Number of protein chains: 2
Amino acid sequence: MTAGTGGARRTTLADVATRAGVDRSVISRVLSGDPRLLIREETRQRVLDAVRDLGYRPNVAARTLRTRRTGTLGLLIPDYANPVYAEIIKGAEAAAAERDCVLLTGSANAATELNSYLDLLGQGRVDGLLLAGELTSRAVLDGLTADGLPWLLVNRTLRGEARHVVLDDERAAALAVEHLVGLGHTEIAHLAGPNGADTARRRNRGYRAAMRAHGLTARLDWTTRGDYTADGGYRAMLEILDARGRPTAVFVANLASAIGALHALRSRGVAAPAQMSVIAVHDLPLAEHLSPALTTVRMPLRELGRRGVELLAEVGPEEAVREVVTGPMQVVPRESTAPPPDLQERM
Amino acid sequence: MTAGTGGARRTTLADVATRAGVDRSVISRVLSGDPRLLIREETRQRVLDAVRDLGYRPNVAARTLRTRRTGTLGLLIPDYANPVYAEIIKGAEAAAAERDCVLLTGSANAATELNSYLDLLGQGRVDGLLLAGELTSRAVLDGLTADGLPWLLVNRTLRGEARHVVLDDERAAALAVEHLVGLGHTEIAHLAGPNGADTARRRNRGYRAAMRAHGLTARLDWTTRGDYTADGGYRAMLEILDARGRPTAVFVANLASAIGALHALRSRGVAAPAQMSVIAVHDLPLAEHLSPALTTVRMPLRELGRRGVELLAEVGPEEAVREVVTGPMQVVPRESTAPPPDLQERM
DNA sequence: CTGAAAGCGCTTACAG
DNA sequence: CTGAAAGCGCTTACAG
């Protein structure tokens, strides 16, 4: 046998039709469950038997060419290494599988990469596109719309666009602040995410709103900006430690930053939680094993991915979608948060 | 405009042909760079202009139906949350893009999931399949072969199969042991990976071979088994600490396990590296920020993904492939390894 | 109840 | 140098 397809010709509808002694169209309609098909039970059995015996599976390309539906949804993320996206992918994949759809995940972390990825996707490779991460521009979205390709922003919004599904980042920030306030903290800093990140802006906004709601001051020099990486979190935590006065707690915008922040505290000899409580957005098994074990806010990321697929599949491409996923969101208390030093002394 | 395709009919070859005033076949041959096409430069320009003006992009389904090539390769991984696979995916994606191929990544962590994923993939969705992780059985591979779908195991081998690309896990283990021996250690334990994992078996084998090569004893009760997670590493490290006598160093089979192992050492009050050196396979930015910063062996994971795609695309499906990727592999020394206590005292 | 036909948009061997 | 034709494997409206 020569290299190449490595096997015999695939079974087609014609093969099944011959075997079952009916027309190809009958097979097709039986398999697609056509409700307008009238067929004798005995014929239907013959068809099903033939399909099973020959191991027939429809040719995807032929079906797509005919129906203009690929049964594939695309998901574009900036970085596979970010566990946040891993969770989103899992939820999206599960939802896609439930609708007999394949999920085609790709990564792009620069505008040029994104464009070449869209080129690669070509015409008619996917029925719709979920766009996570920050690099999507208005121009790209307009291009997709012009191509007739439905899209939906996931975990981000874009000014003037009304096609997105996000988490309640404001509420996550509020939960974190309330946890700290509940422990007695009043001097609470914020290690924020990058300026370009929509989630970072909303967590920052949520932090400020929650501080205000508790009559606390969100000091400007106690809000420093990381970039959602451990390295960035390390640097941003040092900035907070170098500010005039020292907060007793810090709300960190994501888990990777918090790992760097804990490192910065160790390197300056600041004990956590004795001298500084730390709470971060996103819960992962890892958090349990850090030193100290990290208090987190668990976010419904899987649910976010799931809803992305559902909305993309169900809502017409011209309709507005502005959904905030309200899955389980809660503080997971571990060792990194405790009452502030002054309260501890009194105990 | 109604919901649905959300736009006008897509541009087809016929539209371009009309615009350029030539037959459809000419457009097709110009675009595919048919070497047997004789065409006047001026006609070729007209064709190219028409393609550009109309923004023509070939319909993937029609092309696939005709050529039997999808331009898509599949990659099946067990878990998106594992950063090892994130790196493999990145390498594979880059190599696929270079060959104008799309990479369709999917996850399955149980045999039933795998089968339903393959069903979902259907017939003719991908030109070949890369299989990473442990769950692939002989039966699945035979099924793929029967379907005429080329496949390649990535980061694992399977007895009796000769279609795989792997890393040199034995060498990684040897590098780790040599690093420890170079620091003066002779009592070296091994926190292994799960029994089912091919990489774990090879790292274990490499550890034993390297110990032997240095005239050292690999004590059986100093080899404990984790499961490549932080939780498993925590438990397996406790087992080592509970053994008779205590090693001065431990070679950990992967980074997630090492995070748990460091936690176990802290919880027992064993100082690292003063009382116990730790080195683990796989380097990630995270390692720098652990406490202590973790010494690792950096593995060429991206290169592994890249070679997987290259080999799948280039080697005929009937040919044997047994490749060991020889990318950059090196010890990245950080704080978690140091000379053993007895040597330190003498210094 | 079942079959025959058209056509989705390409590519390619062949005709001129 | 360029065009006409066949056919990849489906689905679906229609004919009987």
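This is a predicted model, so every value here is computed, not measured. By convention in this document, chain letters (A, B, ...) are assigned in the order of the sequence lines, proteins followed by strands, and residues within each chain are numbered from 1. Reckoned from all heavy atoms, side chains included, excluding hydrogens, waters and symmetry mates.
- A:L13 comes within 4.0 angstrom of a nucleotide base, judged by non-hydrogen atoms across all strands.
- Remark: C1' of C:dC10 and CG of B:L31 are 12 Å apart, rounded to the nearest angstrom.
- Distance alone, capped at 3.5 Å, is enough to place a donor-acceptor pair between the B:N82 side chain and the B:V84 backbone.
- Atom name C1', nucleotides D:dT11 and C:dT2: the rounded distance is 16 Å, in whole Å.
- Closest contact between the side chain of B:R40 and the listed nucleotides D:dT2, C:dG3, D:dC10 involves D:dT2.
- Separating the CZ atom of A:R57 from the C1' atom of D:dG9 is a distance of 16 Å, rounded to the nearest angstrom.
- Here D:dC1 presents its P atom at 12 Å from CZ of B:R44, a figure rounded to the nearest Å.
- For D:dA4, there is no paired base (Watson-Crick or G-U wobble, both distances below 3.5 Å).
- In this structure a side-chain-to-backbone donor-acceptor pair under 3.5 Å is missing from A:D127 to A:R69.
- One atom, CZ of B:R125, and another, C1' of D:dG9, lie 15 Å apart when rounded to the nearest Å.
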Could you pull out the protein-nucleic contacts involving nucleotides 5-8 of chain D (nitrogen or oxygen on both sides, under 3.5 Å)?
from, atom 1, to, atom 2, distance (Å)
D:dG7, N2, B:R66, NH1, 3.1
D:dC8, O3', B:R68, NH2, 3.0

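- A:E42 has its CD atom 8 Å from the P atom of C:dT2, to the nearest Å.
- Checking side-chain atoms of A:D79 against main-chain N and O of A:A81 turns up a donor-acceptor pair under 3.5 Å.
- Rounding to whole angstrom units, CG of residue A:L38 and P of D:dC14 are separated by 17 Å.
- None of B:I89, B:N155, B:L75 except one satisfies the side chain to side chain contact (heavy atoms under 4.5 Å, CB included) rule with B:L130; the exception is B:L75.
- Between B:T43 and D:dT2, a side-chain N or O to OP1/OP2 separation shorter than 4.0 Å is present.
- What separates CG of A:L37 from P of D:dT12 is a distance of 13 Å, to the nearest Å.
- With B:V22 as reference, B:V47 is the one residue of B:I39, B:V30, B:V47 to meet the side chain to side chain contact (heavy atoms under 4.5 Å, CB included) rule.
- A:R57 and A:T11 form no side-chain donor-acceptor contact under 3.5 Å, judged by distance and modelled atom types alone.
- The nearest whole Å value for the distance from the CZ atom in A:R36 to the C1' atom in D:dT12 is 8 Å.
- B:R69 comes within contact range of no nucleotide atom at all, as no heavy-atom separation falls under 4.0 Å.
- For B:I39 and A:A61, each mapped to the nucleotide of DNA chain D holding its nearest heavy atom, the one lying further toward the 5' end belongs to B:I39.
- Between the CG atom in A:L73 and the CG atom in A:L129 there is a gap of 9.0 Å [rounded to 0.5 Å].
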